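These notes concern the structure reproduced below.
From a predicted model like this one, the values you see are computed outputs, not experimental measurements. Order of appearance sets the numbers: ligands from 1, and atoms from 1 within every ligand.
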Amino acid sequence: MLVYLNGDYLPLEEARIPVLDRGFLFGDGVYEVIPAYGGRPFRLREHLQRLENSLRAIRMEPPLTQEQWAAVFRRLVEEHGGVDQQIYLQVTRGAYHKRLHAIPAKTRPTLFAMSNPLPPRDPELVARGLSVVVREDIRWQRCDIKAITLLANILAQQEARDAGADEALLVRDGEVTEGTASNFFMVKEGRILTPPKSNHLLPGITRDLVLELAREAGLPSAEMVVTPSDLATAEEIWITSSTKEVMPVTRLDGQAVGDGRPGPMWRRMDALYQACKARLRRQAGDECRG
Ligand code: PDD
């Protein structure tokens with residue numbers, strides 16, 4: 001498999017970075033995960049804008065233009081033919097000659113990207129719905145930055161797995177923020193609700209698209225604070241991400257959500273989302289542009 005590293009395309013096994021890379025030493029970098037359907041990156045502009053926001057937030061300049069990134073992705077995606085894919089890209093602050101917490105005056109960033117097939121969602125899992133547990137959000141105060149530093153997410157995800165669940169919903173100061181690698185939605189009294197954007201959650205590209213699709217379809221939605229006690233009265237719970245799309249959650253801390261099956265509002269939203277992907281594959285309309 002060919003990957004992109006600092007301007008070169010080379011086999012994955014040959015891609016090497018120095019051990020003094022600050023991504024390796026400090027987790028000093030940011031990343032993106034972008035799905036590609038029918039060879040076309042989904043919501044590319046939004047992902048690249050978020051990458052630029054993440055970079056600026058950690059005091060780095062965008063190392064490539066959006067057009068340059070798009071060219072890199074075209075080359076990587078071509079490798080796998082027309083199958084659905086997930087593009088991963090990571091930018092770190094690069095290597096400095098010694099370990100230093102402060103930002104060195106000048107380093108050359110390390111740019112890495114690869115594309116892997118994105119298998120279709122397991123239809124059985126979609127029909128059954130996911131199981132989630134609630135955990136304390138022990139992450140830092142800048143969860144809006146898509147930082148590669150993911151230890152707290154990893155630990156919470158593992159706690160979910162240890163409890164036999166698929167994902168953990170995180171709670172900070174009495175508010176549900178998001179999942180360990182997903183955003184969070186619930187349906188209450190027929191309204192789609194999700195926490196407002198803040199420094200406590202990632203501004204998910206899928207999250208934004210779900211809100212956009214809800215508005216276009218005339219489905220009532222609102223961005224509002226959700227507390228753990230609201231969860232108990234949810235008619236439906238969903239999680240969203242670029243790789244999971246919109247997934248129904250049917251068990252919360254071992255209890256059924258609603259009637260324990262994916263709900264009618266999820267079915268509508270999932271249909272809208274799938275239609276959006278299909279339009280991109282056919283390159284029809286620009287609503288779900290690449
Ligand atoms: N994660 N919140 C967190 C903490 C995430 O890591 C992600 C995605 C999301 C959803 O964002 P989006 O809809 O833009 O994918 C929310 C990616 C997929 C990952 O780490 O693999």
TODO: For this output row, return yes or no: ring centroids of F112 and Y4 closer than 6.0 angstrom.
DONE: no
- request: Run the salt-bridge test on R40 and D84 with the 4.0 Å N-O cut-off and return the result as yes or no.
  value: no
Looking only at protein heavy atoms, what sits closest to atom 21 (O) of ligand 1 is V33 CG2, 3.6 Å
Q) With only distance considered, is E178 within less than 3.5 Å of ligand 1 through an N or O on each side? A) yes
Pairing donors with acceptors under 3.5 angstrom, does anything connect the side chains of Y88 and Q86?
no
- Under 3.5 Å donor-acceptor, D230 side chain and T227 backbone: yes
Report task. Would you check whether Q86 reaches within less than 4.0 Å of ligand 1, judged by its heavy atoms? Result -> no
Closest to atom 15 (O) of ligand 1 among protein heavy atoms sits S242 OG, 2.7 Å
Nearest non-hydrogen protein atom to atom 10 (C) of ligand 1, with distance, is N183 OD1, 3.6 Å
*asked:* Check for me, please, whether V132 and M265 land in the same ILVMFWY cluster - side-chain distances under 4.5 Å, paths through other members count.
replied: yes
Does the ring center of Y273 lie less than 6.0 Å from the ring center of F42? yes
If you scan protein heavy atoms around atom 4 (C) of ligand 1, the nearest is T180 O, 3.5 Å
message = Within the 3.5 Å criterion, strictly below it, is a donor on D166 or S131 matched to an acceptor on the partner's side chain?
response = no
query: Closer than 4.0 angstrom: is that true for some heavy atom of Y31 and an atom of ligand 1?
result: yes
request  = Flag L202 as yes when one of its N or O atoms lies below 3.5 Å from any N or O atom of ligand 1, and as no otherwise.
outcome  = no
query = Between the side chains of W69 and E67, does any donor sit under 3.5 Å from an acceptor?
reply = no
among protein heavy atoms, the one nearest atom 17 (C) of ligand 1 is K146 NZ, 3.4 Å
Counting heavy atoms under 4.0 Å, the part of S182 that contacts ligand 1 is backbone
With heavy atoms and a 4.0 Å threshold, my read on which part of T240 contacts ligand 1 is backbone
A student comparing A181, G179, S241 should find that the heavy atom closest to atom 7 (C) of ligand 1 comes from A181
Candidates T206, V246, N153; heavy atom nearest atom 13 (O) of ligand 1 found on T206
